[in-house]
Amino acid sequence: MPRVFFLNGPNANLYGLDKSGTYGSESFASIQARCEGHATQLGLSLDFRQSNHEGVLVDWIQEARLDADAIIINAAGLTYSSIPILDALLAFDGPIIEAHMSNIWKRESFRHHSYVSKAATGVIAGLGAMGYRLALTAVAELLEA
Ligand code: DHK
């Protein structure tokens, strides 16, 4: 069964609690559970993780080189600053989907430049948690191709 790492960056654990409402009302735990259900339907083994720490995310991306066939990543605020995350992603051979809950291009200009995009196979943004499930579908199809 193909193995997918779904890596979430800083503050993703606050989805559903964020008072701005930018990320909707669904909790991170519920989003994770729905992704796990969708992955099962697609025949994917999903490892869904979140960290507030850049180095932990780099370690997980390096782990994926040995243990995963594809990566889905929402590096959250680190998307716009982290060359270490970019370098780790560039060392990964399989498909990489960059996912964002919000449409980052509709937001502040500092969110318009993504380092993650330089390594991503494709980008999904602005569709909330549905985009996460679409990312899983994309990975399933890319791994079949
Ligand atoms: C999530 C975050 O935490 C922000 O820092 C990004 C991203 C956008 C999202 O839309 O999922 O700018």
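The structure displayed is predicted, hence computed values, not measured ones. No hydrogens, no waters, no symmetry mates; every other heavy atom, side chains included, goes into these values. Both counts, for ligands and for their atoms, begin at 1 and track the order of listing.
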Grab the two heavy atoms, one from Ala119 and one from Ile96, that are nearest each other, plus how far apart they are. O-CD1, 3.6 Å
salt_bridge(Asp47, Arg3) N-O dist < 4.0 Å: yes
Relative to Phe5, does Arg49 satisfy both conditions: NZ or CZ under 6.0 angstrom from the six-membered ring centre, and within 45 degrees of the ring's axis? yes
Under 3.5 Å: N or O atoms of ligand 1 paired with protein N or O:
| from | atom 1 | to | atom 2 | distance (Å) |
| --- | --- | --- | --- | --- |
| ligand 1 | 5 (O) | Gly77 | N | 3.1 |
| ligand 1 | 5 (O) | Arg111 | NH1 | 3.3 |
| ligand 1 | 10 (O) | Met101 | N | 3.2 |
| ligand 1 | 10 (O) | Ser102 | N | 2.7 |
| ligand 1 | 10 (O) | Ser102 | OG | 2.6 |
| ligand 1 | 11 (O) | Tyr15 | OH | 3.2 |
| ligand 1 | 11 (O) | Asn74 | ND2 | 2.7 |
| ligand 1 | 11 (O) | Met101 | N | 2.7 |
| ligand 1 | 12 (O) | Tyr80 | OH | 2.6 |
| ligand 1 | 12 (O) | Arg111 | NH1 | 2.6 |

I want to know whether Phe28 and Tyr23 have ring centres closer than 6.0 Å. no
If you draw the axis of the six-membered ring of Trp105, does the NZ or CZ of Arg111 fall within 45° of it and under 6.0 Å from the ring centre? no
Inter- and intrachain pairs under salt bridge (charged side-chain N to carboxylate O under 4.0 Å, His left out), touching residues 133-145, at least two apart: none
